[in-house]
Amino acid sequence: MSYNHEEIEKKWRAYWAEHNTFYCDTHDFSKPKYYVMDMFPYPSGEGLHVGHPEGYTATDIVARMKRMQGYNVLHPMGWDAFGLPAEQFAIKQNQHPESFTRKNIAHFKDQIQSLGFSYDWSKEIATIDPSYYKWTQWIFAKMYQHDLAYVADIPVNYCPELGTVLANEEVIDGKSERGGYPVIRIPMRQWVLRITRYADRLEKDLSSLNWPKSTIEMQKNWIGRSSGVEITFTIQEHPEQSFRVFTTRVDTLFGCQYCCLAPEHPLVKTLVTPEQKAEVEAYCDAAAHKSDLSRTSLEKDKTGVFLGVHAINPINGEAVPLFVADYVLGSYGTGAVMAVPAHDARDYAFAKKYHLPMVEVLKGGDISKAAFEGDGPHCHSSFADGLNIADAKRVITAKLEALGKGHEVVNYKLRDWIFSRQRYWGEPIPMVQTSDGKENAVDEKELPVVLPELDDYRPNKDGKPPLSKAPASWLHTTWHGESAVRETNTMPQWAGSSWYYIRYIDPQNENALADPKLLEHWLPVDLYIGGQEHAVLHLLYARFWHKFLYDIGVVKCKEPFARLYHQGMILGPNGEKMSKSRGNVINPDDIVHSKGADSLRLFEMFAGPLSDAKPWSTTGLDGSYRFIERVFRVVDDPTFSSRLTNENSGELDTSYASLVKKVTEDFEALSFNTAIAQMMVFVNDCYKAKSIYRPYWEGFVQMFSCLCPFVGEEMWQRLGHNESIAYAPWPTYDPAKLTKNEVTIGVMINGKARDAITLAKNATEEEALTIAKASEKTKHWLEGKTIRKVIYVPGKILNLLIG
RNA sequence: GCCGGUUUGGCGGAAUGGUAGACGCAAGGGACUUAAAAUCCCUCGGGCGAAUAACCCGUGCCGGUUCGAGUCCGGCAACCGGCACCA
């Protein structure tokens, strides 16, 4: 009998299911809690990808270790099940997207269970369950009541050919991803969430998180906090009129040569002179029809039109021309800027194009060649002359404040979140419009607003949502006795994933998102692993909802995910991203069948650091399989198992202590590849040893079972245990066994490694020197030389400087 | 352009500032076998060499700090990811 992965995996999968091995009693507060979760998958028709098991294995290892360490571990899984592919499938096949989605979920679940993850399936949730989206809708309704949701006419990507609105991700270079038809921007009624109200907290609280630096930076950049000064300019020709600009470089105010309004700025229409009117209107019309993309793809070409009026610079009373220019964004700051050609690259380009003057107000560059954006002493700046940027900002701001013409402000790049989609397969937005045109949130007791069945899931040609064709019995309802019409927009896919970590804690609760006591105990999530592609959107949206729930007292902590980690991609064997078109896709089912789930898990963890992209390697997978066989042989093959003894000869003491220490630390640090390397070292040592102390081998099997749970359980049973290995107490080690009395250290001569000596760990410098001098190699190097200096670091190095 | 990350043998990768290359893959050799597979053991950065003798070179490139740098500091390059007229 040898290692038969199929038989072993089948046996233990059934055992875990039958014994409910991984059930987590969330009400049991007697043990410390550990909440570890994965980003839940979208159950596509394609089935599981080999990338999925990577992150899932990582969380599973940690979950298993924590269980053995005595934690009450919550390790759930669920389904992010609304989404476009199911809707498109439904349109094509003219059947409800739910049946397709449920089938995919069943397939995903079977695949995931074949991989031996220790999920507590009693916590399983799907975002498409009405019992789940009831609470997604509840959160939206609460947000509306707290003035965080509003309706606005927002330009959307509309594709006339397809007759539908598209998400930004579905628009590539101004054309629809499917079909390649032109996409235009037209305003449409949309629900919007006021995430901007949370911009400061979303930024500030990033510092409290144990998250990858890159992700924190991405979120910071996305939020885009920027502090500067708002300055009021009055119009020379209409002294009663004024506008405000935002600048981060108030120190250059004396260099302002013109000002620009965005085409959307309300003053454009009212200020423009009759002579300029035609040209300005044509310019603004053109800008309005440009998509964001084509407006920004113009990049270097800065254009604008003079409005015929002038603005007065409050710092020196100078009148400067006022333009409309589409390089100024209507949606950021005040929608107006002061232009300092000498010290801003964009203003420089614009001034060059229209032959506008420029004045250098800060020395250090050459403005005949380019704008100078560095620091230096100011000039042509009156009382700010000679000051650097920071000091000039201070004195000029103070002056503006004294004049009542300026004050410090903070701006954010972050925009409000367009939350509605003109699609069928999403959560209905729980709003109704009464005949007075007012928007009203559906009462909690009326939730959920269940998606109605439709005859036809296609979007309307006019871009109206599919739900507008819902039966009248659904569309027409009442609100507090008044007749009302239901909202037909649905929520984006991000909605359900913005709070699912809360629902896992208490998934059956019918009266609340979850029991408050449980929430207080279990949140935040201790470890959250998923792809970096969610670094901004999902992770920012979830933080936003969490902070809102904090504000209304639902959760007690400020952040949902204390520790976050991103797994790297599994690349094809050729080192390229896996894709059907490249023909380098590896199917996990094939691997589970040929080499077993344990081999797949072990390989993916051993291939390299968790966060790195790693190429698939068939020979590497074979290596993992061989290692499992090598391990299994110790209990399975009598020539090895006969070496297991109950008496400790001591020969594996150091190796075992190193193993336990290293594996415990590395698992905690998610450094699985090095933990596995140490396990291999230990197994190699066991192979060489005359006898293997049984408790050491059992400790090894426990740690190994976190990686390879099927074969781990099998070995545990063969070692004589009747209970699952999952709750066996985590191995400990005697630190004294780690400190060998003798160590080998390097001997350096003038900083170059020349020799190695073995000596007592705590040997003195004199002793080390004596031993080194007795060594042939060192003796050779010292011949005829004088030792000028000795650097001795006990246990590390002996460096002799000679001359 | 800006912000992050990466760069170490034939390959994946190890190295609290202390003998670079752990562990694995591939390759080569040996044992076992009638033979093969499997398994077990050994070798395996480059150069010079008969050598598992000695020496020299070596962690993308150029400099610096240090007794000592893959690791710290300054500059540069290439690649990957994100953002991109945000005033």
Side-chain angles (χ1 to χ4, degrees), chain A residues 2 212-222 224-226 228-229 245-250 252 259-260 262 295-302 325-329 331-340 343-347 349-350 411-415 532-533 535-536 566 568-569 575 602-603 606-609 611-624 626-627 629-630 633 637 639 671 673-681 683-684 687-688 744-757 777 780 788-793 795-801:
Chain A
S2 64
K213 194 180 162 186
S214 59
T215 302
I216 289 187
E217 284 304 310
M218 272 193 231
Q219 291 216 353
K220 267 192 192 166
N221 293 341
W222 190 265
R225 185 193 155 93
S226 170
V229 175
V245 304
F246 173 72
T247 180
T248 56
R249 288 297 303 277
V250 69
T252 62
C259 287
C260 290
R295 198 161 145 178
T296 55
S297 70
L298 291 175
E299 281 239 350
K300 276 157 213 139
D301 204 22
K302 305 277 180 287
D326 71 0
Y327 79 89
V328 179
L329 305 176
S331 52
Y332 182 75
T334 59
V337 300
M338 68 174 206
V340 184
H343 303 289
D344 180 281
R346 293 155 301 184
D347 301 343
F350 188 90
N411 269 319
Y412 297 91
K413 284 188 209 172
L414 186 69
R415 304 295 151 80
Q532 178 150 37
E533 67 272 20
V536 178
H566 303 301
M569 225 184 298
L602 184 65
F603 165 71
F606 186 56
S611 58
D612 286 10
K614 297 166 281 284
W616 181 265
S617 162
T618 304
T619 54
L621 178 73
D622 291 344
S624 292
R626 275 202 292 275
F627 182 59
E629 286 186 305
R630 207 168 145 79
R633 213 169 283 136
D637 180 340
T639 59
S671 180
N673 57 330
T674 53
I676 294 164
Q678 193 68 36
M679 290 185 184
M680 289 171 169
V681 169
V683 172
N684 290 344
Y687 264 61
K688 285 174 198 150
T744 300
I745 66 167
V747 178
M748 296 175 111
I749 308 291
N750 285 342
K752 293 215 172 222
R754 297 298 183 190
D755 198 2
I757 54 172
K777 276 193 196 175
H780 166 78
R788 300 194 185 282
K789 191 172 176 187
V790 177
I791 291 124
Y792 173 61
V793 183
K796 301 278 188 192
I797 201 81
L798 177 67
N799 192 358
L800 306 176
L801 304 187

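Residue numbering restarts at 1 for every chain, and letters A, B, ... go by the order of the sequence lines.
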Enquirer: Does the side chain of A/K777 get closer than 4.0 angstrom to OP1 or OP2 of B/rA54 through an N or O atom?
Expert: yes

Enquirer: Reading nucleotides 4-18 of chain B 5' to 3', which nucleotides get B (base under 4.0 Å from a protein heavy atom), which S (sugar-phosphate only), which -?
Expert: SS------BSSSB-B

Enquirer: Show the numbers, then the answer: is there a side-chain hydrogen bond (donor to acceptor under 3.5 Å, both in side chains) between A/Q532 and A/S611?
Expert: CA-CA 9 Å; A/Q532 178 150 37; A/S611 58; over 6 Å; no

Enquirer: With no angle test and no hydrogens, is the base of B/rC83 tied to the side chain of A/K413 by a donor-acceptor pair under 3.5 Å?
Expert: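 Under the 3.5 Å cut-off, the side chain and the base do not form any donor-acceptor pair.
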
Enquirer: If the cut-off is 4.0 Å, is A/R633 near the phosphate of B/rC40, judged by side-chain N/O to OP1 or OP2?
Expert: yes

Enquirer: B/rC40 P sits how many Å from A/K688 NZ, rounded?
Expert: 12 Å

Enquirer: Looking at B/rC40, I'd like to know if its phosphate oxygens (OP1 or OP2) sit under 4.0 Å from a side-chain N or O belonging to A/R630.
Expert: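 Answer is yes, contact under 4.0 Å.
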
Enquirer: When you check the phosphate oxygens OP1 and OP2 of B/rA87, does a side-chain N or O of A/Y327 lie under 4.0 Å from one of them?
Expert: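 For B/rA87, OP1/OP2 do not have a side-chain N/O of A/Y327 under 4.0 Å.
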
Enquirer: Return no unless some side-chain N or O of A/R754 is found under 4.0 Å from OP1 or OP2 of B/rG68.
Expert: no

Enquirer: Can you see if the side chain of A/R626 gets near the phosphate of B/rC25 - specifically, an N or O under 4.0 Å from OP1 or OP2?
Expert: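 So the side-chain polar atoms of A/R626 do come within 4.0 Å of the phosphate oxygens OP1 or OP2 of B/rC25, strictly under.
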
Enquirer: Between the side chains of A/R225 and A/N411, is a donor N or O closer than 3.5 angstrom to an acceptor N or O?
Expert: no

Enquirer: Tell me the interatomic distance from A/N221, atom CG, to B/rG82, atom P, rounded to whole angstroms.
Expert: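 Distance check: A/N221 CG to B/rG82 P gives 13 Å.
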
Enquirer: Show me the dot-bracket string of RNA chain B, counting Watson-Crick or G-U pairs under 3.5 Å, with | for pairs to another strand and [ ] for crossing ones.
Expert: (((((((..(((.....[....))).(((((.......))))).(((.......)))..(((((..]....))))))))))))....

